[in-house]
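Report on the following structure.
Reminder, nothing fancy here: chain letters follow the sequence lines and each chain counts from 1.
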Amino acid sequence: MSTQTSYVLDELRNEAEYPAYASGKSGLLKIQDAPKESEAIYAFPCFQYAKSLDKNPTQVAEELAQEWNKMRQSKEWPQEWFPTSVLDHFEASRGYVNVFVDQKTLLARILKDLLDYGEKYGSYPKLNKTMVVDYCSPNIAKPLSVGHLRSTIIGQALINILRVRGYRVVGINFMGDWGTQFGKLIYAFEQWGDEKKLESNPIQHLLELYVRFHKEAKENPALEDDARAAFKRLQQGGEKERALWQRFRESSLEAFEKTVARLGVKFDHNWFESDFEGKADELVDELLVKGIAEESEGAIIIRFEPLWPAESPEPPPAQPPLVIRKSDGTTLYPTRDLASAVERIERWQPVHKLLYVVASEQTLYFTQLWNTLEKMGYPDILRHINFGMVSLPTGKISTREGRIVYLDDLLDQAKERAAQIIKEKNPDMDEGSRSKVARQVGIGAVIYADLSQDRIKDIVFDWSKMLAFEGNSAPYLQYAAVRCAKILEKAKSEDREGLDTLNEQDIPALAEELKEPESVKLLMHLGRYPQAIAEAAERYAPHVLASYLYDLATALSRFYTEVPVLKAETDAARLARLTLVDATGLVLRRGLELLGIETPEEM
RNA sequence: GCCCCUGUAGCUCAGCAGGAUAGAGCAACGGUUUCCUAAACCGUAGGUCGUGGGUUCGAGUCCCGCCAGGGGUACCA
């Protein structure tokens, strides 16, 4: 147990857990959040503990509450660990020991945290641990589809969240620029390519060639051999192939960077699969020497142990092996990916976690990758941050068959739709602002639609859901943030000055002013922001943060309708409410920023 | 065949490590604008948590079977 933590609720939790720890009962008495309607903050269910004593839980809870309260008054309680304690007392209720705080003190402490941390509220101290995150990672020469959207925005949100949680994070975009598909493209371009089209709209043209190749190859399977031969020439450094491949690569990369920039995404590193071909080759030899890999049917493979030990009469299912060198002597994507994983581990050592934000379809592959690294003697650091598939109402996304929604089109539509709504809701907004706000709102809606739900779920692509502008959606959160900003903007200059010059002595008086249930709930919720960040980071779950922010926006909306700020009855009340609005706006803005969503200045 | 994931209100989803009365949004119905932006707020209605067992003081949550949907399953990436 740490003796002191920075945020009031972290500290309160530790303090509340103290008596359970001190008496060695923490295994049976676990802390949890108290129910929402309750005045209590935390609770200890005592049923399990009562069972172990063979006693009545209600009675046990009462005894514990009494005992802990007494302990708290005594010298046994390490008050020096909790110098600014907000814990008031323990209270038994139907088999639970509830943790009560002194609300005024707690509110004041939350205000103090907010003022102390300012813009940094919610962030944690440096942990000196490095996370290497693989995300986006598309194939060059294919346009980004909504399928890539998930990896990109989940990855970027995780990176942002992990950073404020205190991790050092390295984001890598690992691009597929190697493999037989480039043989296909080279062959197709030589057959049907058009110089002018490659010049004017490279991605589109390459896609046409790719689709055409597969169509023709259906009729004439010999084309597959031609493609393989072309790739072989590329590998051997054929000048013509090399030059063409470079052109594909450069033009694609350019178009592609433009698209992700629209999502506000910037990569720390752009790595290319092709750069690992040599290392991959060496790695295969090394794995052979170490006996980790073996030859089978002309290929080099790694075998894995069955999933569980064979004890039952039926043999356990074997895990499929991983092929790392084809029988023709060339490496595969997994080999190059493995080589790049080794490179990541060595370059940023010690790496705390190696994250891969990749669709669930790759689960087996990442299990194999994990097992291989383990065989190589690396610690258990690889985590597959998997997410469900995006499919279209008409079926699975397929570039080859043209069943695809392009990311650029999606973002264009989102913006257009947002612009229309702005025209209705806020007809006075000038053209320039409208365009900017439409971009922020439209793209925000798209990002939020994804991040507001658990990664693991499959998504059937649906325009109306993607572009939801009401209820639990990005615009709702943005709107709440805008309201905060507008109130502050309209506040008189002396009020704003009062805000800026607040100091610690003013805090108790401020807390005293916040009496309305809506104000209290809002401030209490602000107090939970650091825990939302911590949980989102721990579970690699941006939706935890998204749903926290939604609740915060709801608390703000209720506050807004019930409690006047600028027209508060007294100067003191106005100042207190302005402080609250200021802090809420800040948390909403910063929280949205972590998700990759911008906050407009007006809506 | 085998392995993995998912199944909660009409629809889309929350529900942390099993704990107090299962929560939101959308859609439906009704209400709120002399007052800081109604992209808002308030209310009504809507759930045998796929299904059958089991473990437990307690199961939406854990275990087993079944059903349904999705994904994967050696030289594609």
Side-chain angles (χ1 to χ4, degrees), chain A residues 30 32-38 43-48 50-51 57 93-96 98 137 139 176 178-181 273 296-301 307 316-328 330-334 336-337 359-365 367 386 388-389 391 396 418 421-422 424-426 441 449 452-454 456-460 462 464-465 468-480 482-484 486-491 531 535 538-539 541 543-544 546-547 550-551 553-554 556-558 560-568 577 581 602-603:
Chain A
K30 287 181 189 156
Q32 66 185 38
D33 285 346
K36 260 188 185 162
E37 323 76 56
S38 163
F44 295 86
C46 303
F47 308 95
Q48 213 182 347
K51 174 98 178 165
S93 161
R94 289 183 293 162
Y96 292 83
N98 288 319
S137 303
N139 283 319
W178 206 238
T180 359
Q181 54 165 333
E273 190 187 329
S296 168
E297 296 172 32
I300 308 299
I301 66 166
L307 291 175
Q319 282 206 79
L322 181 67
V323 176
I324 55 173
R325 182 183 280 160
K326 296 194 271 187
S327 41
D328 69 3
T330 60
T331 60
L332 296 98
Y333 173 79
R336 300 185 285 273
D337 198 28
S360 295
E361 299 160 63
Q362 305 289 343
T363 299
L364 172 61
Y365 165 64
T367 309
N386 60 340
M389 234 180 37
S391 58
K396 193 178 170 177
I421 291 180
I422 294 167
E424 288 165 27
K425 307 258 182 195
N426 199 345
V441 169
S452 61
Q453 63 181 272
D454 198 342
I456 210 85
K457 306 252 180 172
D458 287 344
I459 294 178
V460 177
D462 175 3
S464 64
K465 208 206 158 191
F469 282 27
E470 277 162 18
N472 190 355
S473 66
Y476 178 81
L477 305 195
Q478 290 169 319
Y479 184 64
V482 166
R483 283 177 146 185
C484 293
K486 285 289 170 181
I487 289 178
L488 284 157
E489 205 178 291
K490 289 192 175 173
Q531 288 75 40
E535 191 189 341
E538 191 178 336
R539 294 171 59 196
H543 84 274
V544 169
S547 110
Y550 174 67
D551 290 340
T554 302
L556 186 272
S557 293
R558 287 180 183 154
Y560 187 94
T561 40
E562 292 302 321
V563 184
V565 177
L566 298 178
K567 295 188 175 162
R577 290 171 195 174
V581 167
E602 56 178 331
M603 274 178 84

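Counting any heavy atom pair closer than 4.0 Å across all strands shown, A:V460 reaches no nucleic acid atom. Across all strands shown, A:L322 has no heavy atoms under 4.0 Å from either base or sugar-phosphate atoms. Using a 4.0 Å heavy-atom criterion, one finds that A:G179 contacts the sugar-phosphate atoms exclusively. Residue A:A480 is out of contact with every strand shown, counting any heavy-atom pair closer than 4.0 Å.
Summary of the strand contacts: A:L566 and A:D328 both lie near RNA chain B, and taking for each the nucleotide with the nearest heavy atom, the more 5' one is attributed to A:L566. Comparing A:T180 and A:Y560 by the nucleotide of RNA chain B that holds the closest heavy atom to each, the one mapping nearer the 5' end is A:Y560.
For the pair A:Y476 and B:rC41, the criterion of a side-chain N or O lying under 4.0 Å from OP1 or OP2 is met.
Checked by atom type and distance alone, the side chain of A:N386 never pairs as donor or acceptor with a backbone atom of A:A359 at under 3.5 Å.
Counting atom types as modelled, A:Q478 pairs no side-chain N or O with a base atom of B:rA39 as donor and acceptor under 3.5 Å. The base of B:rA20 is not paired with the side chain of A:D33 by any donor and acceptor separated by under 3.5 Å. Between the base of B:rA24 and the side chain of A:S547 there is no donor-acceptor pair shorter than 3.5 Å.
Checking B:rA39, B:rC41, B:rA20 against the side-chain heavy atoms of A:P475 singles out B:rA39 as nearest. Comparing B:rA39, B:rA24, B:rA77 by their nearest atom to the side chain of A:Q362 picks out B:rA77.
Lacking a ring centre under 5.5 Å from that of the base six-membered ring together with a plane angle below 30°, A:F47 does not count as stacked on B:rG58.
Look at B:rC2: its Watson-Crick or wobble partner, with both distances under 3.5 angstrom, is B:rG72.
One atom, CD1 of A:I487, and another, P of B:rC36, lie 10 Å apart when rounded to the nearest Å.
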*asked:* Could you go through A:F47 and A:Y96, starting from their C-alpha distance and side-chain angles, then the distance that decides it, and tell me whether this counts as ring-ring contact (aromatic ring centres under 6.0 Å, His included)?
replied: CA-CA 8 Å; A:F47 308 95; A:Y96 292 83; 5.2 Å; yes

